[in-house]
Amino acid sequence: MRELERGGVAYEAITFEEPEVMGTSELGVQIAHMLGYDPAQGFKTLVCVGPKGDHVVCCVPSGDELDLKKAAAAAGEKSLSLMHVRDLEAATGYVRGGCSPVGMKKRFPTLVDETAQLFDTIYISGGRRGLTLEVAPEPLAAFVGAKFADIVAD
């Protein structure tokens, strides 16, 4: 949140009691229903690794799956794989379920699914479990240097 404030990006922070569910997709959809927004507006942050060990951050709607081939093409990589959860905190500073495209240890190339542009605001992790941020997609993308692309599995 401090990073967004320093960058002049408006946001609203929303804290909540995290529900108990197994899958990431299920959790994001359940949180959207709990907080009263369209699940398509809630974006999960996934970190991928390229063949040379480069990292690419991908933000996709919580109920959708990342298409690794589409994401690799959009990032200019030969291929991408999801980063193993055990490596997440060391690379980003965030734990699973609290990963945000804002405020990572290092700025990585970032892709946001193009559907974010359909909404005035989207919801992203605030950097810890139980905290979400409502933010406009264009200012967010400009701040983190993200590119909008079709990266969701069909």
Side-chain angles (χ1 to χ4, degrees), residues 1-4 9-49 55-75 80-105 107-154:
M1 292 184 292
R2 289 186 301 270
E3 297 246 349
L4 291 174
V9 178
Y11 69 90
E12 181 180 340
I14 304 162
T15 57
F16 59 92
E17 191 70 33
E18 191 171 75
E20 295 289 327
V21 291
M22 295 302 288
T24 305
S25 296
E26 294 169 7
L27 178 61
V29 171
Q30 189 172 355
I31 290 169
H33 289 302
M34 187 174 72
L35 297 179
Y37 61 84
D38 181 343
Q41 281 180 272
F43 282 70
K44 60 187 171 189
T45 302
L46 304 170
V47 183
C48 299
V49 181
H55 299 92
V56 177
V57 176
C58 298
C59 298
V60 297
S62 297
D64 291 333
E65 295 300 319
L66 175 64
D67 184 313
L68 291 168
K69 288 183 181 182
K70 287 182 182 179
L80 288 175
S81 60
L82 287 176
M83 176 180 278
H84 195 284
V85 72
R86 73 172 174 258
D87 301 326
L88 186 63
E89 190 171 1
T92 67
Y94 292 124
V95 297
R96 181 176 186 221
C99 193
S100 176
V102 178
M104 290 192 180
K105 287 182 173 182
R107 186 171 278 200
F108 300 115
T110 302
L111 303 171
V112 177
D113 187 68
E114 64 189 5
T115 59
Q117 296 172 295
L118 299 173
F119 303 100
D120 292 333
T121 60
I122 60 171
Y123 296 82
I124 61 168
S125 173
R128 65 176 169 82
R129 292 178 183 181
L131 176 64
T132 193
L133 303 178
E134 181 180 11
V135 63
E138 277 79 10
L140 172 67
F143 181 70
V144 299
K147 177 174 132 181
F148 291 105
D150 175 12
I151 57 172
V152 169
D154 295 325

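Small disclaimer: the values here were computed from a predicted structure and weren't measured.
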Next item on the list: List the steps and the verdict of side-chain contact (heavy atoms from CB on, under 4.5 Å) for D64 and D113.
Entry: CA-CA 10 Å; D64 291 333; D113 187 68; 5.7 Å; no

Margin query: Is there a side-chain contact (heavy atoms from CB on, under 4.5 Å) between K147 and V112? Walk through the geometry before answering.
Written below: CA-CA 6 Å; K147 177 174 132 181; V112 177; over 6 Å; no

Check: Can T92 and H55 be said to form a side-chain contact (heavy atoms from CB on, under 4.5 Å), step by step?
Finding: CA-CA 10 Å; T92 67; H55 299 92; over 6 Å; no

Check: How far apart are the C-alpha atoms of L82 and L66, what are their side-chain angles, what is the distance that settles it, and do they pass the side-chain contact (heavy atoms from CB on, under 4.5 Å) test?
Finding: CA-CA 9 Å; L82 287 176; L66 175 64; 4.1 Å; yes

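The backbone N or O of A90 sits less than 3.5 Å from a side-chain atom of K105, completing a donor-acceptor pair. Between the S100 side chain and the S125 main chain, a donor and an acceptor come within less than 3.5 Å of each other. In terms of modelled atom types and a separation under 3.5 Å, the side chain of T132 and the main chain of I124 share a donor-acceptor contact. Under the 3.5 Å distance criterion, the side-chain polar atoms of R128 are left unmatched by any main-chain donor or acceptor of V95. One N or O on the side chain of T110 and one on the backbone of F108 form a donor-acceptor pair closer than 3.5 Å.
A pairwise comparison of heavy atoms in G145 and R107 identifies N-NH1, 4.2 Å as the closest pair. The shortest heavy-atom contact between P137 and A116 is CG-O, 3.2 Å. Closest non-hydrogen pair, F16 versus M34, comes out as CD1-CE, 3.5 Å. Across I151 and C58, no two heavy atoms sit closer than the pair CD1-CB, 4.0 Å. Here the closest heavy-atom approach between residue P61 and residue K44 is recorded as O-CE, 3.9 Å. Heavy atoms only, all atoms of each residue included: G63 and V29 are closest at CA-CG2, 3.8 Å.
A parallel orientation is assigned to the rings of Y37 and Y123, their planes being inclined by less than 30° (bins at 30° and 60°).
Side chains of F43 and T115 form a contact here, defined as non-hydrogen atoms less than 4.5 Å apart. When side chains are defined from C-beta on, R96 does not count as touching E89, because their heavy atoms never get closer than 4.5 Å. At least one side-chain heavy atom of T45 sits under 4.5 Å from a side-chain heavy atom of M104. Considering only heavy atoms from C-beta on, T121 comes within 4.5 Å of Q41 through its side chain.
The line from CG of D150 to CG of D154 is 6.5 Å long, rounded to the nearest 0.5 Å. Between the CD1 atom in I31 and the CD1 atom in I14 there is a gap of 11.0 Å [rounded to 0.5 Å].
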